[in-house]
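Scope of the values below: all heavy atoms of this structure, side chains included, with no hydrogens, waters or symmetry mates. For this chain, numbers begin at 1 and follow the sequence in order.
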Amino acid sequence: MKLVLVAACALLDVDGRVLIAQRPEGKQLAGLWEFPGGKVEPGERPEETLIRELHEELGITVAEPCLAPLTFASHAYEGFHLLMPLYVCRRWEGTPMSREGQALKWVMPNRLRDYPMPPADEPLIPHLIALM
Ligand code: C5P
């Protein structure tokens, strides 16, 4: 089975809210909410992926020491197995904004269940609630 590596990041603001993004129309799992991030390209470390993706998707600059690994998701989708480390980041430069047309929302971790997420992302929620 194909293994897909995706890096994801929980950006936490000073109020303890986490940023989620809605997968746009036309993509697999469209309409579901996810933690920002993306596929780890060959030769990349997940931290490098996140620095690249957070800049592309949200226009923010993240310094590598600000990315702290929290946990990872592992989920068998039809046709591939997803392995997804989740990082936490509390400091970045710039204001996150939608650069790819995706809706963004700042949500308290204990309200994340109000937003339908891909099955790989859902088990990550308790880890974020535990940070509160
Ligand atoms: O974002 P992208 O479409 O490149 O991700 C590849 C696949 O990984 C998605 O089709 C989806 O099945 C899965 N994924 C996920 N949770 C995320 C990001 C991606 O389950 N936060």
Can you check whether [X] reaches [Y] side chain to side chain, under 4.5 Å on heavy atoms?
X      : Y      : answer
Cys66  : Cys89  : yes
Ile51  : Leu67  : yes
Met108 : Met132 : yes
Thr95  : Ile60  : no
Leu86  : Cys9   : no

Only residue of Leu128, Leu112, Asp114 satisfying side-chain contact (heavy atoms from CB on, under 4.5 Å) with Val107 is Leu112
For the [atom1] atom of [X] and the [atom2] atom of [Y], what is their distance to the nearest 0.5 Å?
X      : Y      : atom1 : atom2 : value
Thr61  : Arg91  : OG1   : CZ    : 13.0 Å
Leu54  : Leu11  : CG    : CG    : 5.5 Å
Leu3   : Leu82  : CG    : CG    : 8.0 Å
Ile20  : Asp121 : CD1   : CG    : 10.0 Å
His127 : Thr71  : NE2   : OG1   : 4.0 Å

Pairwise side chain to side chain donor-acceptor pair (under 3.5 Å) hits with a residue in residues 3-28, at least two apart: Asp13-Arg17, Arg23-Glu34
Taking all non-hydrogen atoms of both residues into account, name the closest pair between [X] and [Y] and its distance.
X      : Y      : result
Gly94  : Pro96  : O-CD, 3.9 Å
Leu104 : Ala21  : CD2-CB, 3.7 Å
His75  : Ala120 : CB-CB, 3.7 Å
Leu50  : Pro36  : CD2-O, 4.3 Å
Pro109 : Gly16  : CD-O, 3.1 Å

Take atom [atom1] in [X]; do more than 12 heavy atoms of anything else shown fall under 6.0 Å from it?
X     : atom1 : answer
Glu93 : CD    : no
Arg45 : CZ    : yes
Arg99 : CZ    : yes
Phe72 : CZ    : no

Can you list everything that forms a side-chain contact (heavy atoms from CB on, under 4.5 Å) with Leu12? Sequence neighbours excluded, please. Val18, Val88, Arg90, Leu131
Under a single-linkage definition using a 4.5 Å side-chain heavy-atom cutoff for Ile, Leu, Val, Met, Phe, Trp and Tyr, are [X] and [Y] assigned to the same hydrophobic cluster?
X      : Y      : value
Ile125 : Met84  : yes
Trp92  : Tyr87  : yes
Val4   : Leu32  : yes
Val6   : Met117 : yes
Met97  : Leu58  : no

Distance only, no hydrogens: is a donor on one side chain within 3.5 Å (strictly under) of an acceptor on the other, for Ser98 and Gln102? yes
Could you tell me whether Lys39 and Glu53 have a side-chain N and a carboxylate O separated by less than 4.0 Å? no
Pair Arg52 + Glu56, salt bridge at N-O below 4.0 Å: yes
Would you list the pairs meeting ring-ring contact (aromatic ring centres under 6.0 Å, His included) in which at least one residue belongs to residues 5-43, sequence neighbours left out? Trp33-Tyr115
Answer yes or no: is there a donor N or O on one side and an acceptor on the other, between the side chain of Glu44 and the main chain of Glu41, under 3.5 Å? yes
